[in-house]
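Let me begin by presenting the structure, written as structure tokens, before commenting on it.
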Amino acid sequence: MSVLLENLGKRFEAGDAVLDGVNARIGRGEFVALLGASGCGKSTLLNIIASLDEPSSGALEVPADGAALMFQDPALYPWLTARGNVELALKLRGVGKAARRARAAELLDLVHLGGAGDKRPHELSGGMRQRVALARALSQDRQLLLMDEPFAALDAITRDLLHEELERIWRETGRTIVFVTHNVREAVRLGQRVLLLSSRPGRVVREWAVPAEVRADAAAAAALTGEITARLREEIRRHGK
Amino acid sequence: MGNNVTELEAGSRAAGASAGGNVPPIDAHRPPDIAPGFSAAGAPDELRALEAGLDELQSGHASARRDWGRVLLPLAAVVLLVLAWQLLVSLDLKRRDLVPGPLDVVASLGQLWAEGLVQESVLTSLQRGLAGFAVSVAVGTPLGLLLGQVRTLRRAAGPLISGLQVLPSVAWVPAAIIWFGLTDATAYFVVLMGAIPSIVNGLVAGIDQVPPQYRSVAKVLGASRLELALQVILPASLPGYVAGLKQGWAFSWRSLMAAEIIAVGGTMGYGLGSLLDQGRTLSDMGIVMSAVLIILGVGILIELLVFGPVERRLLQRRGLLAGSTR
């Protein structure tokens with residue numbers, strides 16, 4: 001088991017609970033999509049899993065070495081080249097200079113950016129920047145990769161391509177991935193399981209398995225997407241009353 | 001990877017349903033031979049080619065060419081100014097010894113050069129200015145980093161440093177003369193008091209503008225406090241820092257001139273300010289104007305040779321130059 005959440009709750013000072021009774025188990029090597037509308041405390045949950053924040057109640061088991069995190073904003077350092085950004089992450093991990101260079105080249109090649117290592121972030125497209133950010137996250141060499149709506153700001157063509165890219169990388173590296181998104185289609189496209197979080201407070205209200213057969217079959221995938229969307233909307237409507 | 005991950009792994013393998021209830025347990029490891037879902041590109045090579053095409057379409061290209069306007073336009077501006085000056089003088093509105101023309105000043109400059117006074121004064125002042133500035137950078141940089149990173153220090157010393165920046169450093173000249181007499185120490189003290197607050201303020205302003213994501217990314221990547229300051233915050237705040245350095249240089253150069261005008265004699269060497277003061281004493285407008293032009297010229301040269309290129313390069317590398325008038 002990679003991540004185990006039991007009755008996890010989070011309440012910031014003098015506020016309503018952000019998370020309340022979150023239960024989830026995520027297996028090693030699994031790809032889980034975390035779906036929810038705004039205000040479901042997704043980012044808070046990721047921060048807790050990444051050990052950047054403490055839960056107010058409940059228990060959790062996470063890998064001892066923490067998790068790699070990737071955000072919607074690639075947040076590359078503009079004074080460094082693509083390679084420099086990846087190398088800095090390796091440096092902060094204490095990797096030696098020669099090993100750093102070799103590993104950065106490997107990682108950039110993994111995200112198909114072998115030829116763009118000397119470019120600076122402003123010379124890269126949004127999709128390329130996000131791939132550099134992915135290479136940087138992978139450079140941390142942690143089993144668990146948490147992704148907070150990483151493709152939300154990209155155009156549709158690029159996003160489709162990055163879905164494939166991410167799936168390929170997941171297969172090649174055997175990472176455990178928790179992928180947060182607003183987008184039901186994206187969740188079904190990527191996740192082996194889709195967990196639906198309710199909003200205010202956030203709680204896992206339902207989960208669906210997405211078998212490989214369903215994903216390969218466009219009609220079945222569309223049906224599942226429809227079902228999940230209906231459930232998500234029901235959850236959102238609840239707040240209008 | 002941590003040890004207890006593998007221990008946990010050994011404990012339970014199946015990732016079952018928790019809240020849904022009716023979902024069958026799934027083996028965490030998906031067999032690798034299953035084809036991906038809605039595949040737009042089949043083979044990995046095809047995906048790579050597709051991506052390469054999209055990257056090419058979406059990223060811009062910069063063209064580098066020699067920009068003569070950068071040289072010719074400022075020259076044209078100077079020529080125009082000199083012509084206007086000459087025109088004004090040839091109207092003969094004032095006595096020629098009070099308002100010398102460009103040619104008179106050139107003649108005076110030539111004479112000063114022949115006497116070796118130009119070389120001596122420029123060398124003395126520039127040496128003082130640069131040495132004082134270097135010390136200011138060495139003191140101001142760690143101070144700025146500390147102030148920008150430690151909240152208590154910032155709150156305590158911030159207003160003081162801002163205040164010092166407003167205080168003209170010439171105000172320190174009397175004190176410096178009383179403490180150090182007519183020695184080089186007086187000049188250096190005034191330079192330091194002018195430059196350090198500017199450098200500190202520039203760096204602190206630069207640090208304030210560092211996007212918060214840069215810090216959170218560094219934290220996620222496991223940077224220690226020192227690593228955060230040196231590897232992330234310092235380079236991120238470089239544009240503000242360089243602006244502060246530039247201002248710091250301007251302040252030290254200005255206050256040095258003021259100090260040299262006021263403090264003459266003793267073991268003080270012969271600087272540009274001394275030259276200016278000598279012109280005043282002799283009521284020789286030619287010398288005065290020559291000194292003013294040399295001081296101005298040194299300032300322009302430093303900007304053109306040092307700060308201009310550094311700043312331009314810095315902004316260009318970060319993609320901040322597009323559309324600017326620099």
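Residue numbers start from 1 in every chain, and the chains themselves are labelled A, B, ... in the order their sequence lines are given, proteins ahead of strands. Only a predicted model underlies this, so the values are computations on that prediction, with no experimental measurement involved.
Of the atoms belonging to Leu69(A), heavy atoms from both backbone and side chain fall under 4.5 Å from chain B. Residue contact with chain B, scored on non-hydrogen atoms closer than 4.5 Å, is absent for Asp160(A). Proximity to chain B (any heavy atom under 4.5 Å) is shown, for Asn47(A), by neither the backbone nor the side chain. Residue contact with chain B, scored on non-hydrogen atoms closer than 4.5 Å, is absent for Ala50(A). Of the two parts of Leu144(A), neither the backbone nor the side chain holds a non-hydrogen atom closer than 4.5 Å to a non-hydrogen atom of chain B. Contacts of Val111(A) with chain B are made by backbone atoms alone, with heavy-atom separations under 4.5 Å and no side-chain atom involved.
Formation of a donor-acceptor pair under 3.5 Å by the Gln140(A) side chain with backbone atoms of Val220(B) is found in this model. In this structure a side-chain-to-backbone donor-acceptor pair under 3.5 Å is present from His122(A) to Arg317(B). Between the Tyr77(A) side chain and the Tyr214(B) main chain, a donor and an acceptor come within less than 3.5 Å of each other.
No other option in Asp73(A), Leu52(A), Leu80(A) has as many heavy-atom pairs under 4.5 Å with chain B as Asp73(A). The greatest number of non-hydrogen atom pairs below 4.5 Å with chain B, out of Leu76(A), Thr81(A), Asp109(A), is found for Asp109(A). If you tally non-hydrogen atom pairs under 4.5 Å between each of Leu124(A), Thr158(A), Leu162(A) and chain B, the highest count goes to Thr158(A).
Gln231(B) and Trp79(A) make their closest contact through O-CZ2, 3.8 Å (heavy atoms, listed as atom of the first residue, atom of the second, distance).
Two residues are said to be in side-chain contact when any heavy atoms from C-beta on lie closer than 4.5 Å; Val217(B) and Phe71(A) meet this criterion.
Under 4.0 Å is where a charged nitrogen must lie from a carboxylate oxygen, and between Arg131(A) and Asp55(B) at least one such pair does.
Within a 6.0 Å radius of CG in Leu304(B), other residues, nucleotides and ligands contribute more than 12 heavy atoms.
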